[in-house]
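None of the values given here were measured: they were computed from a predicted structure.
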Amino acid sequence: MIKKDILFELVKSLKQDANLNNIRFVKAYNGQQKESPLEDILVTVTTGKSESTGFIGGYIGNSEKGKEINSEIILNVYCPCEKGGDGITDTVNTIVERISKTDIDSLVKDIQVSEIKLNSEYEAVYRTIKLSMRYISLGGDAVE
């Protein structure tokens with residue numbers, strides 16, 4: 001469960017970084033036919049596991065309802081095999097730096113980055129960035 005606007009704002013802030021101008025960000029394909037082979041660096045964005053914790057009576061304070069949400073966002077950074085992974089580490093580092101700088105509300109509690117792996121379906125190498133987030137969803141905020 002991640003509020004759509006939180007996910008949108010996060011990806012929007014990444015796209016505003018000059019070092020990420022040529023990088024495409026797309027919603028993860030969910031089993032649909034994938035683009036293969038890749039022509040350039042691609043970042044897929046998906047939500048991972050999610051938990052919500054309610055408060056007694058549903059109230060977080062003075063007559064304000066809400067829940068604490070613990071969620072993950074997963075960014076897979078793919079680079080075509082034919083480019084030998086060139087640029088993947090710089091892209092991952094830029095994304096992690098940008099998230100750290102723009103997370104002024106301290107929603108991201110942990111960032112994990114995987115080693116470089118091979119994805120034969122995409123004909124690409126990739127690294128996974130997993131963001132663990134925690135925030136309060138107030139009253140009628142729709143979470144997905």
Side-chain angles (χ1 to χ4, degrees), residues 1-32 34-36 38-81 83-119 121-144:
M1 285 194 234
I2 293 183
K3 285 178 26 176
K4 283 184 178 179
D5 58 331
I6 291 174
L7 183 56
F8 174 76
E9 289 300 320
L10 175 70
V11 174
K12 182 178 164 186
S13 76
L14 294 174
K15 289 181 175 183
Q16 291 172 349
D17 192 296
N19 295 322
L20 299 174
N21 275 344
N22 297 325
I23 307 298
R24 286 187 308 134
F25 288 82
V26 299
K27 186 175 178 179
Y29 290 103
N30 297 328
Q32 297 175 1
K34 295 174 175 59
E35 174 183 342
S36 182
L38 289 178
E39 294 183 23
D40 212 344
I41 293 179
L42 172 73
V43 178
T44 62
V45 182
T46 190
T47 55
K49 66 179 180 179
S50 178
E51 300 172 352
S52 67
T53 305
F55 296 94
I56 295 175
Y59 291 95
I60 63 169
N62 297 335
S63 70
E64 193 158 27
K65 287 194 169 198
K67 293 181 180 180
E68 181 181 65
I69 308 292
N70 292 300
S71 299
E72 289 179 344
I73 295 177
I74 300 168
L75 305 168
N76 285 311
V77 181
Y78 294 93
C79 182
C81 283
K83 293 189 177 188
D86 191 30
I88 194 169
T89 298
D90 290 339
T91 301
V92 167
N93 290 342
T94 301
I95 289 172
V96 170
E97 283 177 27
R98 181 72 180 194
I99 289 168
S100 298
K101 288 179 184 175
T102 59
D103 184 24
I104 57 173
D105 295 326
S106 298
L107 300 177
V108 177
K109 301 302 177 193
D110 185 40
I111 299 175
Q112 298 174 4
V113 179
S114 74
E115 67 278 359
I116 295 175
K117 298 177 183 175
L118 176 66
N119 182 309
E121 188 174 15
Y122 272 142
E123 296 180 34
V125 294
Y126 73 100
R127 293 182 78 180
T128 300
I129 304 169
K130 189 181 293 187
L131 310 172
S132 297
M133 302 177 70
R134 186 172 60 228
Y135 57 91
I136 301 292
S137 173
L138 299 176
D141 283 348
V143 284
E144 293 191 3

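With rounding to the nearest 0.5 Å, the separation of CG in Leu75 from OG1 in Thr44 is 7.5 Å. In this structure, CD in Glu72 is found 4.5 Å from NZ in Lys130, a value given to the nearest 0.5 Å. Separating the CZ atom in Arg98 from the CG atom in Leu14 is a distance of 7.5 Å, to the nearest 0.5 Å. A distance of 12.0 Å separates OG1 in Thr102 from NZ in Lys12, rounded to the nearest 0.5 Å. We find the CD-OH distance between Glu115 and Tyr126 to be 8.5 Å, quoted to the nearest 0.5 Å. Annotation: the span from Leu10 atom CG to Leu131 atom CG amounts to 6.0 Å, rounded to 0.5 Å.
Heavy-atom contacts from other residues, nucleotides or ligands closer than 6.0 Å to CG of Asn93 number more than 12. Residue Asp110 qualifies as enclosed at atom CG: its count of foreign heavy atoms under 6.0 Å is above 12.
Without hydrogens or angle criteria, Lys109 side chain to Ser106 main chain gives a donor-acceptor distance under 3.5 Å. Of the possible polar contacts, one joining the Asp103 side chain to the Val108 backbone as a donor-acceptor pair under 3.5 Å is found.
The closest side-chain heavy-atom distance from Val96 to Val113 is below 4.5 Å. Using a 4.5 Å cut-off on side-chain heavy atoms (C-beta onward), Ser100 and Ile111 make contact. You'll find the side chain of Ile95 reaches within 4.5 Å of the side chain of Val77, heavy atoms only. Taking the side chain as every heavy atom from C-beta outward, Ile41 and Tyr78 never approach each other to under 4.5 Å. Counting heavy atoms from C-beta outward, Glu97 and Ile99 have side chains that stay 4.5 Å or more apart. When side chains are defined from C-beta on, Ile88 counts as touching Ile116, because their heavy atoms get closer than 4.5 Å. Taking 4.5 Å as the limit, every side-chain heavy atom of Pro80 sits out of range of all side-chain heavy atoms of Glu39. The shortest distance between side-chain heavy atoms of Asp40 and Leu42 does not fall below 4.5 Å.
Between Cys81 and Val125, the shortest heavy-atom distance links the atoms SG-N, 4.1 Å.
Looking at residues two or more places apart in sequence or on another chain, you find no salt bridge (charged side-chain N to carboxylate O under 4.0 Å, His left out) involving Asp90. Taking the salt bridge (charged side-chain N to carboxylate O under 4.0 Å, His left out) definition, one finds that Arg127 meets it with nothing, sequence neighbours left out.
The side chain to side chain donor-acceptor pair (under 3.5 Å) test with Asn76 singles out one residue from Thr46, Asn119, Thr128, and that residue is Thr128.
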